[in-house]
Amino acid sequence: QVHLVESGGGSVQAGGSLRLSCAITGYAYSSYCMGWFRQAPGKEREEVARILAIDGSTTYADSVKGRFTISGDNAKNSLYLQMNNLEPEETAKYYCAAVIRKRGIDSNWVCPPSFSYWGQGTQVIVYS
C-alpha cells in the first residue's frame, strides 16, 4: 500500500530555488529506491535524480548536476528535492517515485531499472 504525495511546487523567478517534498506511507523509506521525475507539457517524462535510501547513494541527470540535491529522512519517511538556480526550461510537473531495492550481481543493494509507485505530481513554474 505504498502511497506518495508531493508538495512544495510553485512559481519562482529564474535563478530562484524551490524545495520539493514527498511524503511516503505504506512502507519505510529505508526499504526503497526513490526518484524524482519531471514532465513538461508536450514533452516526455524524464528522470531528474534517484537515491538508494539504505546507503544514500545518488544519481543525477547531467542537466541538474551541481544545482539539484535529492535527499531523504528515515524518521519522517520523506523524500526531498532541493532545486537551485532554476531555469525557465525546467517548468514542469514534478513527480516522486519509488521501487523496492534489490540485490545486485555483487550482492550490494541497488536501484531496479524502473519505478513501481508514483505520486500525483506537483507543478513547478519558472518565469523569466
Legend entry - Inter- and intrachain pairs under disulfide (SG to SG under 2.5 Å), touching residues 97-128, at least two apart: C33-C111

Sub-4.5 Å side-chain heavy-atom contact between [X] and [Y]:
| X | Y | result |
| --- | --- | --- |
| I70 | W36 | yes |
| L20 | M83 | yes |
| M34 | Y29 | yes |

Would you please name every residue forming a side-chain contact (heavy atoms from CB on, under 4.5 Å) with [X], sequence neighbours left out?
| X | answer |
| --- | --- |
| N84 | S17, Q82 |
| A61 | S63, V64 |
| N85 | R67 |

Return the set of residues passing side chain to side chain donor-acceptor pair (under 3.5 Å) with [X] (not counting sequence neighbours), or none when no residue passes.
| X | result |
| --- | --- |
| S7 | none |
| N108 | D106 |
| Y94 | R38 |
| K65 | D62 |

Legend entry - Within one Ile-Leu-Val-Met-Phe-Trp-Tyr cluster: Y60 and I51, side-chain cutoff 4.5 Å: yes

Legend entry - Cluster overlap L86 with F37, hydrophobic side-chain contacts below 4.5 Å: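 The answer is no; the residues belong to distinct hydrophobic clusters.
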
Spatial distance of atom [atom1] ([X]) from atom [atom2] ([Y]) [nearest 0.5 Å]:
| X | Y | atom1 | atom2 | result |
| --- | --- | --- | --- | --- |
| T58 | F68 | OG1 | CZ | 14.0 Å |
| L52 | R101 | CG | CZ | 7.5 Å |
| C96 | L79 | SG | CG | 6.0 Å |
| I100 | F115 | CD1 | CZ | 12.0 Å |

Inset, instruction - State which residues pass salt bridge (Lys or Arg N to Asp or Glu O under 4.0 Å) with E47; sequence neighbours excluded, sorted by chain then number. - result: R50

Legend entry - Pairs involving residues 71-81, ordered by first then second residue, that meet side-chain hydrogen bond (donor to acceptor under 3.5 Å, both in side chains) (sequence neighbours left out):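 Output for this query is empty, none listed.
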
Side chains of residues 116-128: which donor-acceptor pairs under 3.5 Å do they make with residues two or more places apart or in other chains?
from	atom 1	to	atom 2	distance (Å)
Q120	NE2	E6	O	3.3
Q120	NE2	E6	OE1	3.3
T122	OG1	G9	N	3.1
Q123	NE2	A92	O	3.1

Inset, instruction - State whether Y95 and R45 meet the cation-pi test: NZ (Lys) or CZ (Arg) under 6.0 Å from the six-membered ring centroid, and within 45° of the perpendicular axis. - result: yes

Inset, instruction - For Y32 and A97, indicate whether the former's side chain and the latter's backbone hold a donor-acceptor pair under 3.5 Å. - result: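 No, because the side chain of Y32 does not come within donor-acceptor range (under 3.5 Å) of the backbone of A97.
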
Inset, instruction - Report the C-alpha distance between L81 and T69 in whole Å, list the side-chain angles of each, state the deciding distance to 0.1 Å, and finish with yes or no for side chain to side chain contact (heavy atoms under 4.5 Å, CB included). - result: CA-CA 6 Å; L81 183 67; T69 302; over 6 Å; no

Inset, instruction - Just grab all the salt bridge (Lys or Arg N to Asp or Glu O under 4.0 Å) pairs involving residues 14-29, residues at least two apart or on different chains. - result: none

